[in-house]
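Below, read A as the first sequence line, B as the second, and so on, with proteins coming before strands; counting in each chain starts at 1.
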There are 2 protein chains.
Amino acid sequence: MGLSKGARKVLKVLARRGASEVLWALGKGSARFSDLEAVLRLSPRTLAERLRELHLMGFVDRRAYAEVPPRVEYSLTPRGKRVLEFLMELDRVVETLEEVR
Amino acid sequence: MGLSKGARKVLKVLARRGASEVLWALGKGSARFSDLEAVLRLSPRTLAERLRELHLMGFVDRRAYAEVPPRVEYSLTPRGKRVLEFLMELDRVVETLEEVR
DNA sequence: CAGGATCCCTACGGATACTG
DNA sequence: CAGTATCCGTAGGGATCCTG
C-alpha cells in the first residue's frame, strides 16, 4: 500500500530546489553548465548536485568534451522526457484545482 | 518557463515525509488521527503538521466532533482525490521507467 | 484522544574561494 | 569552463513530555 519506494524517491528528487527547472530548461534542448547556471539562478554547488542526482536517476545525459576550456553538454534522456511530461501534467492539474477553488 | 509557483508548492508538500501516505490512506475512506498515526508510523508532531498542510491546500477535510474524548475525522476532498489519482499515475510512470532501464 | 511545546540532530542549500 | 571545498544559517522531523 502507498506509493512505491521508487516513486517516492523520484518525487523527493523532483521537489528539491531547481530540479524541475533543470528538466524544464533541458526540454528545450541540450545546454551547458554555465547556461543552466545563468538561466536558473542556482549556486554552482546546488546545480552540480541536482545534475548529478538527475543523471543518476537516468533523466539527464551528461556528455563531456576533452577541450580547453572544458565543455559539458547536458540533455534529457527518453526517461527524462517522460518525467518532464509528467511534470507538465502536474501543472495542468494544479491549474484546474485553482479554478475549482 | 518552468512549473507554476502553485505546482512547485504542491510538489514540495507531496514530497514531505508521510504526505503521499496520508492521501493514500484516506483514499480508502475517512480516518481518525490515531488511526493514521498507527498505520503510517509517523510521530504525532509530523502527522499533525502534514494534515494541517494538506488541509490548507484543500486536499483534506477535517471534521471535529465535540465529544469526550474528542474525535476528529479526516477525509479526502474532491481536490484531494484528484491529487491522489495523480500520485497513482506517478507510480505507473515510474514503473514503466524501471522497465526501460 | 488529538494534538502542542520543547530539545536536538540531520539535511538542504547559499556565499565564497579555489582548482583541473 | 565546470565544477569542488569549506563555512554556516535555516528547515525538517524524531523523541519526549504536557494539556484541553
Student: Between B/Arg32 and C/dG3, does any side-chain N or O lie under 4.0 Å from OP1 or OP2?
Tutor: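 It does not, given that no N or O in the side chain of B/Arg32 lies less than 4.0 Å from OP1 or OP2 of C/dG3.
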Student: Does A/Arg50 pair with A/Glu53 as a salt bridge, N-O distance under 4.0 Å?
Tutor: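 Yes, A/Arg50 and A/Glu53 are salt-bridged.
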Student: Can you build the contact string for nucleotides 8-20 of chain D? Use B for base contact, S for sugar-phosphate-only contact, and - for no protein heavy atom under 4.0 Å.
Tutor: ----SBBB----B
Student: Could you check which of C/dG3, D/dG3, D/dA2 has an atom nearest any side-chain atom of A/Ser34?
Tutor: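 My answer, after comparing the listed nucleotides, is D/dA2.
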Student: When you get a sec, tell me which of C/dA2, D/dG3, D/dA2 is the closest nucleotide to the side chain of A/Arg71?
Tutor: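 The answer is D/dA2.
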Student: Taking the side chain as every heavy atom from C-beta outward, state whether B/Val72 and B/Arg32 have any atom pair closer than 4.5 Å.
Tutor: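 Side-chain contact under 4.5 Å: no.
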Student: May I ask you to decide whether A/Glu21 forms a salt bridge with B/Arg8, counting only side-chain N to carboxylate O separations under 4.0 Å?
Tutor: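 So A/Glu21 pairs with B/Arg8 through a salt bridge.
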Student: Do we get B/Arg71 above B/Tyr65's six-membered ring, with its NZ or CZ under 6.0 Å from the centre and within 45° of the axis?
Tutor: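 Here B/Arg71 passes the 6.0 Å and 45° test against B/Tyr65.
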Student: Closest approach to the side chain of B/Val72, judged atom by atom: which nucleotide of D/dG3, C/dC1, C/dA2 is it?
Tutor: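 From the listed options, C/dA2 comes nearest.
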Student: Is any side-chain heavy atom of B/Val10 closer than 4.5 Å to a side-chain heavy atom of A/Leu97?
Tutor: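 They are not in contact (no side-chain heavy atoms under 4.5 Å apart), so the answer is no.
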Student: Using atom CG of A/Leu51 as one end and atom P of D/dC1 as the other, report the distance to the nearest whole Å.
Tutor: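 Result: 16 Å.
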Student: Is any side-chain heavy atom of B/Leu84 closer than 4.5 Å to one of B/Leu26?
Tutor: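 Of all side-chain heavy-atom pairs linking B/Leu84 with B/Leu26, none is under 4.5 Å.
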Student: Using a distance-only test with no angle check, is there a side-chain donor-acceptor pair under 3.5 angstrom linking A/Asp91 and B/Ser4?
Tutor: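 Distance-only check passes for A/Asp91 and B/Ser4.
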Student: What is the distance, rounded to the nearest whole Å, between atom CD of A/Glu37 and atom P of C/dT16?
Tutor: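 Taking atom P of C/dT16 as the reference, CD of A/Glu37 is at 14 Å.
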Student: B/Ala48 has a side chain; which of D/dT4, D/dA2, C/dG4 sits nearest to it?
Tutor: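 From the listed options, C/dG4 comes nearest.
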Student: In this structure, how many angstroms lie between the P atom of D/dA2 and the CZ atom of A/Phe33, rounded?
Tutor: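 It works out to 8 Å between those atoms.
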Student: For the helix from C/dC1-D/dG20 to C/dG20-D/dC1, what is the angle between the axes at its two ends, each from 5 pairs, rounded to 10°?
Tutor: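 The helix from C/dC1-D/dG20 to C/dG20-D/dC1 shows an end-to-end axis angle of 50°.
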Student: Give me the ring orientation class for B/Tyr74 and B/Phe33: parallel if the planes are under 30° apart, tilted from 30 to 60°, perpendicular past 60°.
Tutor: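 B/Tyr74 and B/Phe33: tilted rings.
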Student: Please report, rounded to the nearest Å, how far the C1' atom of D/dA5 is from the CZ atom of A/Arg52.
Tutor: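 To the nearest whole Å, that distance equals 12 Å.
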Student: Using a 4.5 Å cut-off on heavy atoms from C-beta on, say whether the side chain of A/Arg63 contacts that of A/Ser75.
Tutor: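 No; the side chains remain at least 4.5 Å from each other.
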Student: Under 4.0 angstrom, heavy atoms only, what part of the nucleic acid is B/Tyr74 near: base, sugar-phosphate, or nothing?
Tutor: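 The answer is sugar-phosphate, as B/Tyr74 gets under 4.0 Å only of primed atoms, P, OP1 or OP2.
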